[in-house]
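One structure below.
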Amino acid sequence: MNEPITVVPRVIGAIIAVLLQIALAPNIALFGVVPNFIMAYVLIVSIVCPGQSGPVFAFVLGLLFDLLGTGPVGAMAFLLTGVSFLAKRIFMLVNNDTLFMPLLLAAISTLVIELLYAAFMMAFGAGVSALDAFVFRALPGTVYNFLAALIFYPIVVRFLAQPIQQQPGTPHLR
């Protein structure tokens with residue numbers, strides 16, 4: 001019933017993530033690693049709002065990333081759709097909304113996406129060895145994208161997370 005209310009902030013956040021990816025990400029590359037703001041945003045939204053973010057959201061933003069980048073078209077769309085789906089299902093199963101669990105899931109999801117994206121790049125002819133793809137692309141990209149997810153987390157919690165219904169006077173830590 002309240003779905004149209006939550007769609008607008010997600011779309012605005014997606015537009016901001018895409019604009020950051022276009023304008024800011026190439027300018028803050030460290031050692032050849034460019035942060036992926038789109039991936040960080042999709043993962044955080046799927047973890048913070050597991051009942052509201054669907055696979056179409058992740059697929060469209062992943063496809064935008066693929067069209068903006070130099071990698072194989074469809075690889076990031078496939079990875080974001082699959083990994084964000086798994087991350088939100090795991091978060092719903094664990095049912096733990098402390099600060100540790102969403103950040104742990106974001107870190108693991110980022111590592112999985114970076115490793116699989118490096119494998120896609122090698123499979124589609126990037127011309128690098130597995131060790132180079134892991135050491136110089138996947139690990140630094142994981143750290144960089146997790147830092148971007150850390151920046152997105154409080155913003156997404158503030159603007160997209162639905163308040164938890166509980167009894168008045170019951171303490172709740174977020």
Side-chain angles (χ1 to χ4, degrees), residues 2-3 6-18 20-21 25 33-69 71-121 123 133-134 137-164 172-174:
N2 61 359
E3 192 67 25
T6 59
V7 169
V8 173
R10 277 189 289 151
V11 170
I12 291 171
I15 291 169
I16 291 170
V18 169
L20 286 173
Q21 189 66 40
V33 177
V34 178
N36 188 343
F37 292 116
I38 294 173
M39 176 179 63
Y41 179 71
V42 167
L43 287 176
I44 292 299
V45 168
S46 67
I47 292 170
V48 170
C49 309
Q52 299 172 2
S53 62
V56 174
F57 176 73
F59 181 79
V60 168
L61 286 176
L63 193 59
L64 274 173
F65 177 81
D66 287 334
L67 294 174
L68 293 173
V73 175
M76 187 58 72
F78 172 72
L79 292 173
L80 278 181
T81 304
V83 174
S84 67
F85 176 78
L86 288 175
K88 87 174 159 179
R89 289 298 176 196
I90 291 171
F91 186 73
M92 288 170 64
L93 274 173
V94 172
N95 197 15
N96 182 351
D97 63 347
T98 61
L99 181 61
F100 175 72
M101 189 52 69
L103 296 181
L104 177 67
L105 274 174
I108 292 170
S109 300
T110 304
L111 178 64
V112 168
I113 289 175
E114 286 293 333
L115 288 173
L116 292 176
Y117 193 72
F120 272 116
M121 294 294 284
F134 179 71
R137 168 76 177 112
L139 285 181
T142 299
V143 173
Y144 214 3
N145 294 327
F146 179 68
L147 291 175
L150 283 177
I151 294 169
F152 279 126
Y153 181 76
I155 298 167
V156 170
V157 166
R158 170 69 176 98
F159 291 108
L160 295 180
Q162 298 292 328
I164 297 172
H172 177 73
L173 296 176
R174 182 89 169 132

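Note that these values count all heavy atoms, side chains included, but never hydrogens, waters or copies made by symmetry.
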Taking all non-hydrogen atoms of both residues into account, name the closest pair between [X] and [Y] and its distance.
{"X": "F146", "Y": "L103", "value": "CE1-O, 3.3 Å"}
{"X": "A75", "Y": "D66", "value": "N-OD2, 3.2 Å"}
{"X": "F159", "Y": "P9", "value": "O-CB, 4.3 Å"}
{"X": "I38", "Y": "A17", "value": "CG1-O, 4.0 Å"}
{"X": "M76", "Y": "G62", "value": "CB-O, 3.9 Å"}
{"X": "F37", "Y": "F152", "value": "O-CE1, 3.4 Å"}

Run the side chain to side chain contact (heavy atoms under 4.5 Å, CB included) check on M39 and L79 step by step: do they pass?
CA-CA 10 Å; M39 176 179 63; L79 292 173; over 6 Å; no
About how many Å separate [atom2] of [Y] and [atom1] of [X], when rounded to the nearest 0.5 Å?
{"X": "I15", "Y": "L20", "atom1": "CD1", "atom2": "CG", "result": "12.0 Å"}
{"X": "F91", "Y": "C49", "atom1": "CZ", "atom2": "SG", "result": "9.5 Å"}
{"X": "I44", "Y": "L160", "atom1": "CD1", "atom2": "CG", "result": "11.0 Å"}
{"X": "K88", "Y": "L93", "atom1": "NZ", "atom2": "CG", "result": "12.5 Å"}
{"X": "Y41", "Y": "I155", "atom1": "OH", "atom2": "CD1", "result": "10.0 Å"}
{"X": "I47", "Y": "M101", "atom1": "CD1", "atom2": "CE", "result": "10.5 Å"}

Who pairs with N145 by side-chain hydrogen bond (donor to acceptor under 3.5 Å, both in side chains), at least two apart in sequence or on another chain?
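Scan of N145 (side-chain hydrogen bond (donor to acceptor under 3.5 Å, both in side chains), adjacent residues dropped) gives E114.
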As a quick check of understanding, evaluate side chain to side chain contact (heavy atoms under 4.5 Å, CB included) for V18 and F65, giving each step before the final call.
CA-CA 8 Å; V18 169; F65 177 81; over 6 Å; no
For Q21, which of I16, V34, L61 qualifies under side chain to side chain contact (heavy atoms under 4.5 Å, CB included)?
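When side chain to side chain contact (heavy atoms under 4.5 Å, CB included) is applied between Q21 and each of I16, V34, L61, only V34 qualifies.
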Any side-chain heavy-atom pair from F78 and F59 closer than 4.5 angstrom?
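Heavy-atom side-chain distance check fails, nothing below 4.5 Å.
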For Y117, what residues pass the ring pair (Phe, Tyr, Trp, His ring centres under 6.0 Å) criterion, not counting sequence neighbours?
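Ring pair (Phe, Tyr, Trp, His ring centres under 6.0 Å) list for Y117, sorted by chain: empty.
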Just distance, no hydrogens or angles: give the donor-acceptor pairs under 3.5 Å from side chains in residues 106-113, sequence neighbours left out.
unit_1: S109; atom_1: OG; unit_2: L105; atom_2: O; d: 2.7
unit_1: T110; atom_1: OG1; unit_2: A106; atom_2: O; d: 2.6

